[in-house]
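Accompanying notes for the structure given below.
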Amino acid sequence: AAINQGVKTYLLKHGSMSKISRYCFLNYEHVYVYSEDDKNYINSISPMTKVSVYRQDLVRTFTNKVLLFFTYRDIENLNLLKEIKDFFNNQKMELVFKSHPTMFRNEQRIIIKELNIKEVDSNLDGAEIINEVCPSFCIGWTSTALCESLYSGVIPICTQHDNEKKALLDSAIIYPFEKRTLNWFKDKPTILKLINGEILHSEVQRSLLAN
């Protein structure tokens, strides 16, 4: 109704774009998204809409922390989370986590108990927490926070199994997680080189953005 009356309308995306979105996408005046990938997609389906990518503050100094972004799916993958924790603990790095807003408190408690891990302020959004913690890595499944991480200069690590690719295809998510993140199961050598200072964070970040 507002658009039909000529009122300027703004859409502030709170997650990644999906190709399914085009069927309910309106001719907004201005849309804010998390990535250039999403921006390019909207430009292709709604050329008259102005699109901006949320500004991300760059992390300049990295701590020895690793920030995990948990979802409901991680409750069924506690062994994987323990594997990740042991790997980084062996590298003298500390893990902290931020749970997804859709997780129940009892699910969060299970993770806290099983991993003996600290939770960061759940009232902050992904970008705010990344800039507060200044982690060396952010880890998650297909969280928008991994996109925020990359644009903040923090290397994102995705825990997606090969057999989970179909789920993203079915959801028609625009953001190419496979190209824009390191994969936990395939890229451990690169992760170790980053930890040991053999390659620079900025070098890997540029590579992921350029894919």
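The first residue of the sequence shown is numbered 1, and numbering continues consecutively from there. These numbers come from the heavy atoms of this one structure, side chains and all, not from hydrogens, waters or symmetry mates.
- Residue I195 is grouped with residue L68 when hydrophobic side chains (ILVMFWY) are merged at heavy-atom distances under 4.5 angstrom, including chains of intermediate members.
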Requested in this report: Apply side-chain contact (heavy atoms from CB on, under 4.5 Å) to S152 and N131, showing your working.
Outcome: CA-CA 8 Å; S152 297; N131 279 277; 4.2 Å; yes
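- Across all non-hydrogen atoms, the minimal contact from S143 to F69 is OG-CB, 4.2 Å.
- Taking 4.5 Å as the limit, every side-chain heavy atom of I174 sits out of range of all side-chain heavy atoms of S16.
- With N183 contributing its side chain and F185 its backbone, the two residues share a donor-acceptor pair below 3.5 Å.
- The 12-atom threshold is not exceeded at NZ of K193, counting heavy atoms of other residues, nucleotides or ligands nearer than 6.0 Å.
- No single ILVMFWY cluster, assembled from side-chain heavy atoms under 4.5 Å apart, contains both V133 and L58.
- Of all the heavy atoms in C134 and T61, the pair that sits closest is CB-O, 3.4 Å.
- The nearest pair of heavy atoms linking I129 to K98 is CD1-CD, 3.2 Å.
- Taking the ring axis of W184 as reference, the NZ or CZ atom of K188 stays within 45° of it and closer than 6.0 Å to the ring centre.
- Looking at L182 and L194, their side chains come closer than 4.5 Å, going by heavy atoms from C-beta outward.
- Residues S52 and H30 have side chains that bring a donor and an acceptor to within less than 3.5 angstrom of each other.
- Taking the side chain as every heavy atom from C-beta outward, E29 and L11 never approach each other to under 4.5 Å.
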Query raised in the report: After noting the C-alpha distance and the side-chain angles of F62 and V154, does the key distance pass the side-chain contact (heavy atoms from CB on, under 4.5 Å) rule?
Result: CA-CA 8 Å; F62 303 109; V154 178; 4.0 Å; yes
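- Between R206 and L209, every side-chain heavy-atom pair lies at or beyond the 4.5 Å cut-off.
- In this structure, V53 and Y151 approach most closely via the heavy-atom pair CG1-CE2, 4.4 Å.
- No path of Ile, Leu, Val, Met, Phe, Trp and Tyr side chains, each step under 4.5 Å between heavy atoms, connects L200 with M93, placing them in separate hydrophobic clusters.
- Y28 is not listed as a side-chain neighbour of V51, based on a closest heavy-atom distance of 4.5 Å or more.
- With a 4.5 Å cut-off on side-chain heavy atoms, K13 and T144 do not count as touching.
- When all heavy atoms are compared, the tightest approach of H201 to S136 is CE1-O, 3.0 Å.
- A donor-acceptor pair under 3.5 Å is formed between the side chain of Q205 and the backbone N or O of L150.
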Report task. Show the numbers, then the answer: is there a ring pair (Phe, Tyr, Trp, His ring centres under 6.0 Å) between F137 and F88? Result -> CA-CA 10 Å; F137 303 95; F88 284 106; 5.7 Å; yes
Query raised in the report: Checking salt bridge (charged side-chain N to carboxylate O under 4.0 Å, His left out) for the pair R55/D57: CA distance, chi angles, key distance, verdict?
Result: CA-CA 7 Å; R55 185 179 66 84; D57 294 326; 2.3 Å; yes
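- Note on I84: it clusters hydrophobically with L192, by side-chain heavy-atom contacts below 4.5 Å among ILVMFWY residues.
- A heavy-atom distance below 4.5 Å is not found between the side chains of V66 and P135.
- Exactly one residue among D37, V33, T142 makes a side-chain contact (heavy atoms from CB on, under 4.5 Å) with Y175. That residue is D37.
- Within the 4.5 Å cutoff, the side chain of I139 has heavy atoms near those of the T159 side chain.
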